[in-house]
Amino acid sequence: MKFIKPYLVVVTTLLAVSCTSQKETTSLKDAYKNDFYIGTALSADQIEVKNAKEDSLIRKEFNAITAENIMKSMYTHPQKDKYDFVMSDKFVAYGEKNKMFIHGHTLIWHSQLAPWMEKIADSTEMKTFMKDHITTIVSKYKGRINSWDVVNEALNEDGTLRQSVFLKTLGEKYLVDAFKLAEKADPKAELYYNDYNIEESAKRAGAIALIKKIKVEGGKVDGVGIQGHWRLNSPSLEEIEKSILEYSALGIKVAFTELDITVLPNPWDLKGAEISQKFEGSEKMNPYPKALPDSIQNKLAERYESIFKLFLKHKDKISRVTFWGVHDGQSWLNDWPIKGRTNYPLPFDATLRHKKAYESILKLKKTKE
Ligand code: G3I
């Protein structure tokens with residue numbers, strides 16, 4: 001039997017170790033650690049570490065977290081005189097244990113309100129609610145939650161103010177009041193205005209006017225959260241870049257707070273389709289029920305690569321990029337706008353394997369080294 005020379009064994013072993021350790025150290029958060037936080041949105045089960053494999057992926061790949069749902073007012077403030085911090089305590093503890101940047105989502109949002117809040121019609125009662133709600137929640141996590149979505153989705157698509165229960169009862173002043181209350185409760189927390197489609201020109205103009213007005217009236221706005229619920233072919237890189245530049249020119253940070261890229265058609269993409277038309281069960285609207293074809297995987301990878309290339313170009317203006325979910329299986333896009341579809345919007349698939357999109361995002365950093 002031919003004996004392998006001892007030194008060859010050593011070299012081979014060293015090579016194997018270095019490759020393995022290299023593979024193990026590569027992750028989104030490590031690759032971008034000198035650029036911006038790489039975050040994800042955690043479900044209740046992930047916050048409670050119900051799946052060890054998911055938990056290991058979260059801790060390996062991400063250094064910032066947002067609670068996808070459990071910190072919305074219907075959960076944290078279910079009744080007028082009752083707060084429920086059980087899950088938000090676990091969320092904050094998870095972030096502290098894993099030394100992650102912890103983002104609070106969200107204080108003032110017209111959706112997912114507790115039923116009792118929907119009934120507030122009187123301005124005095126609404127003022128009392130906002131003061132109590134924001135002060136209680138932000139003070140509770142003072143010095144522990146690093147940033148907040150103080151106000152979420154206050155605008156219509158044309159840039160005008162959404163006729164929310166807050167605007168109807170308090171007028172525009174609710175906006176600056178919310179930011180002032182949050183600053184008073186935790187002066188060190190970074191305070192964001194968060195919204196979707198504010199990379200589109202009309203809504204961007206509305207968001208810029210809103211942020212300027214809050215600042216002029218003495219509110220502390222540290223950043224804008226561009227949610228980033230995008231598509232394979234829109235919005236254009238030009239609009240995204242224009243938004244980064246225009247928001248940054250306000251002297252605030254830019255965060256991409258809920259990034260995902262749908263690969264499925266939507267009713268409004270269909271010419272003449274009636275939005276209210278029921279599409280559940282339509283094969284046309286759910287074209288990839290079992291797996292995503294390579295051709296679309298490649299398109300998704302190219303789209304993420306082009307977006308992250310732009311983010312790196314403006315990394316000095318960007319504080320955080322958070323994916324809206326850890327993996328495809330948990331994405332809200334499997335059930336919106338049509339229930340029961342199979343979407344593929346994130347860098348990890350439903351079995352927690354990384355996709356070509358993940359590799360394309362990482363590759364940008366490798367070529368940069
Ligand atoms: O918790 C209940 C559960 O008890 C019940 O059995 C189940 C079935 O009805 O519903 C569960 O609540 C769901 C909740 O997600 C938690 O899973 C709600 O129905 C569902 O509407 C809710 O959807 C969330 C949506 O916000 C509305 O709050 C999505 O998961 C979440 O991804 C989505 O995230 C929003 C951001 O907060 C703001 N920006 C837009 C983004 C997408 O809509």
Side-chain angles (χ1 to χ4, degrees), residues 28 39-46 50-51 53-54 57-58 61 66-70 72 105 111-112 153 157 195-197 199-200 226-237 239-240 256-308 321-361:
L28 292 172
T40 190
L42 300 184
S43 66
D45 285 353
Q46 289 159 349
K50 291 202 174 151
N51 179 310
K53 257 185 89 182
E54 287 191 25
L57 187 152
I58 292 162
E61 296 292 342
T66 302
E68 184 177 12
N69 288 298
I70 57 95
K72 292 168 181 174
H105 175 76
S111 179
Q112 301 300 109
E153 303 175 10
E157 294 314 289
D195 208 334
Y196 60 89
N197 293 351
E199 69 283 346
E200 303 293 347
I226 302 174
Q227 289 184 6
H229 295 298
W230 290 338
R231 295 149 301 277
L232 282 173
N233 301 310
S234 69
S236 71
L237 295 177
E239 282 302 341
I240 299 170
F256 291 89
T257 54
E258 307 181 11
L259 185 58
D260 48 29
I261 297 172
T262 183
V263 297
L264 300 183
N266 283 321
W268 47 82
D269 301 327
L270 300 180
K271 290 284 165 277
E274 208 357 81
I275 287 276
S276 57
Q277 202 177 325
K278 281 276 158 262
F279 286 97
E280 275 176 49
S282 145
E283 280 175 24
K284 186 180 172 71
M285 300 309 279
N286 189 26
Y288 320 116
K290 294 273 176 287
L292 192 64
D294 259 356
S295 59
I296 312 294
Q297 284 286 12
N298 294 336
K299 279 197 181 135
L300 183 67
E302 285 154 23
R303 177 67 165 154
Y304 265 120
E305 181 173 353
S306 63
I307 288 169
F308 270 78
V321 177
T322 289
F323 292 99
W324 203 240
V326 176
H327 59 83
D328 290 342
Q330 82 178 87
S331 176
W332 70 294
L333 289 170
N334 291 316
D335 290 316
W336 188 90
I338 301 168
K339 278 201 169 310
R341 297 201 292 176
T342 308
N343 211 324
Y344 304 81
L346 296 166
F348 290 91
D349 70 20
T351 66
L352 309 187
R353 275 197 309 257
H354 67 253
K355 295 150 68 173
K356 286 183 180 167
Y358 173 89
E359 291 161 14
S360 64
I361 294 168

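One-based numbering along the sequence shown.
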key: Contact summary for Gly340 and Asp335, nearest pair of heavy atoms   = N-OD1, 2.8 Å
message = Pair Ser43, Asp45 - check side-chain hydrogen bond (donor to acceptor under 3.5 Å, both in side chains), show working.
response = CA-CA 5 Å; Ser43 66; Asp45 285 353; 5.5 Å; no
inquiry  = Side chains of Leu57 and Phe348, heavy atoms from C-beta outward: is any pair under 4.5 Å?
reply    = yes
query = Is Ser331 close to Trp324 at the side-chain level, that is, under 4.5 Å between some pair of heavy atoms?
reply = no
inquiry  = Rounded to the nearest 0.5 Å, what separates atom CG in Leu300 from atom OG in Ser295?
reply    = 11.5 Å
ask   = Do Glu200 and Pro235 come close enough that some side-chain heavy atom pair is under 4.5 Å?
value = yes
inquiry  = Check whether Thr40 reaches the backbone of Gly325 with its side chain - one donor and one acceptor, N or O, closer than 3.5 Å.
reply    = yes
request  = Report the C-alpha distance between Leu28 and Tyr358 in whole Å, list the side-chain angles of each, state the deciding distance to 0.1 Å, and finish with yes or no for side-chain contact (heavy atoms from CB on, under 4.5 Å).
outcome  = CA-CA 8 Å; Leu28 292 172; Tyr358 173 89; 3.5 Å; yes
request  = Start with the C-alpha distance between Gln46 and Gln330, add both sets of side-chain angles, then the distance that settles side-chain hydrogen bond (donor to acceptor under 3.5 Å, both in side chains), and finish with yes or no.
outcome  = CA-CA 10 Å; Gln46 289 159 349; Gln330 82 178 87; 2.6 Å; yes
query = For the residue pair Ala41 and Glu68, what are the closest heavy atoms and their distance?
reply = CB-CB, 4.0 Å
ask   = Going through the distances and angles, do His105 and Thr257 end up as a side-chain contact (heavy atoms from CB on, under 4.5 Å)?
value = CA-CA 10 Å; His105 175 76; Thr257 54; over 6 Å; no
query = Quick one: does Ile338's side chain get under 4.5 Å of Asn286's, heavy atoms only?
reply = no
request  = Could you tell me which non-hydrogen atom of Leu292 sits nearest to which non-hydrogen atom of Val263, and how far apart they are?
outcome  = CD1-CG2, 3.9 Å
task = May I ask you to test the Leu346-His327 pair for a side-chain heavy-atom distance under 4.5 Å?
result = no
Beyond-backbone contact of Lys356 with Asn298, side-chain heavy atoms, under 4.5 angstrom = yes
inquiry  = Under the side chain to side chain donor-acceptor pair (under 3.5 Å) test against Asn197, which residue among Glu157, His229, Gln227 passes?
reply    = Glu157
remark   = Sorted by chain and number, sequence neighbours left out, salt bridge (Lys or Arg N to Asp or Glu O under 4.0 Å) with Glu359 holds for none
note = CG (Asp260) and CZ (Arg231) are apart, to the nearest 0.5 Å, by 10.0 Å
query = Are Ser360 and Glu302 side-chain neighbours, meaning at least one heavy-atom pair lies under 4.5 Å?
reply = no
Side chain Lys355, main chain Tyr344, donor-acceptor under 3.5 Å = yes
ask   = Measuring from Thr342:OG1 to Asn334:CG, what's the distance to the nearest 0.5 Å?
value = 6.0 Å
message = Once salt bridge (Lys or Arg N to Asp or Glu O under 4.0 Å) is applied, do any residues pair with Lys299, and if so which ones, sequence neighbours excluded?
response = none
By ring pair (Phe, Tyr, Trp, His ring centres under 6.0 Å) - contacts of Phe256 (at least two apart) = Trp230, Phe311
Gap between atom CZ of Arg303 and atom CG of Leu232 - 0.5 Å precision = 7.5 Å
request  = Measure the acute angle between the ring planes of Phe323 and Phe308, then classify it against the limits of 30° and 60° as parallel, tilted or perpendicular.
outcome  = parallel
inquiry  = So which atom in Ile361 and which in Pro347 form the shortest heavy-atom distance, rounded to 0.1 Å?
reply    = CD1-CG, 4.3 Å
Side chain to side chain, Leu264 and Leu333, heavy atoms closer than 4.5 Å = no
key: Spacing of CG belonging to Asp328 relative to CG belonging to Leu352, to within rounding of 0.5 Å   = 10.0 Å
